[in-house]
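Report on the structure given below.
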Amino acid sequence: KQEVTQIPAALSVPEGENLVLNCSFTDSAIYNLQWFRQDPGKGLTSLLLIQSSQREQTSGRLNASLDKSSGRSTLYIAASQPGDSATYLCAVPAPGGSEKLVFGKGMKLTVNP
Amino acid sequence: DVKVTQSSRYLVKRTGEKVFLECVQDMDHENMFWYRQDPGLGLRLIYFSYDVKMKEKGDIPEGYSVSREKKERFSLILESASTNQTSMYLCASRQTGSFVETQYFGPGTRLLVL
């Protein structure tokens, strides 16, 4: 059974810091990994999707890396801003090539001005 | 842009009422999903539909049913609402068979059962 873990559950930092968010998964037989953002009371928005053949993906100040062999992914946020405050979730496909995703419980980020 | 809409942002219902949550997507996606999200428990899949009239139970289907009569619409039904079904409900859709497609989420429905 695939399990996805995000530690810590919450993080509070001053504006301007470079951040690393962690995600680990137990079954390395995945074909991609995704990072989502969720603002309070809203739905999820996809940030980055890394295919298993890639090691990283970048979008603006965000960079996500994937190490399948160790069962880990990191989301790097450069020069954090108060607008980055949100919950960040990672997700991998359920075992067996399913269309379903297995989500971590998320990490709540607060960036203080 | 893909758009997933949900019929209500907030709902208040009484115990025992039948509740319908509607989700509509405009990108002709085969796959649609219903999740609930609770503090400390994360997102949990209730039901999944991979085509019209086709459905598959998720991790927590008890107390729920679904209907997919048209490709763009996926309904979640609480046959007899209970207080433990108070939650945030999220709908999502996805194109099938692609390794690079994400799930697109609606804005969510916050349901309170009194």
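Chain A is the first sequence line, chain B the second, and so forth, proteins listed ahead of strands; every chain is numbered from 1.
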Can you confirm whether K42(A) is buried at NZ, in the sense that more than 12 heavy atoms of other residues, nucleotides or ligands lie under 6.0 Å from that atom? no

Please check if the number of heavy atoms outside R61(A) that lie under 6.0 Å from its CZ is greater than 12. yes

Tell me yes or no: between the side chains of Q38(A) and Q37(B), is some donor less than 3.5 Å from an acceptor? yes

First locate atom [atom1] of [X], then atom [atom2] of [Y], and finally report the distance between them rounded to the nearest 0.5 Å.
{"X": "Q34(A)", "Y": "Q103(B)", "atom1": "CD", "atom2": "CD", "result": "7.0 Å"}
{"X": "Y50(B)", "Y": "E99(A)", "atom1": "OH", "atom2": "CD", "result": "11.5 Å"}
{"X": "L101(A)", "Y": "Y35(B)", "atom1": "CG", "atom2": "OH", "result": "5.0 Å"}

Answer with side chain, backbone, both or neither: which region of R44(B) has an atom nearer than 4.5 Å to a non-hydrogen atom of chain A? neither

For E56(B), which atoms come within 4.5 Å of any heavy atom of chain A: side chain, backbone, both, or neither? side chain

Same apolar cluster (I L V M F W Y, side chains within < 4.5 Å links), [X]/[Y]:
{"X": "V66(B)", "Y": "L43(B)", "answer": "no"}
{"X": "L19(A)", "Y": "L75(A)", "answer": "yes"}
{"X": "L47(A)", "Y": "L11(A)", "answer": "yes"}
{"X": "V102(A)", "Y": "L48(A)", "answer": "yes"}

For F36(A), which residues count as a ring pair (Phe, Tyr, Trp, His ring centres under 6.0 Å) partner, sequence neighbours excluded? F103(A), F105(B)

So which of G42(B), A92(B), G58(B), P107(B) has the largest heavy-atom pair count under 4.5 angstrom toward chain A? P107(B)

Is a donor on one side and an acceptor on the other found under 3.5 Å between the side chain of K105(A) and the backbone of G40(B)? yes

Residue selection (most heavy-atom pairs with chain B, distance under 4.5 Å) from G104(A), G106(A), G43(A): G43(A)

Which atoms of L44(A) approach chain B - backbone, side chain, both or neither, heavy atom under 4.5 Å: both

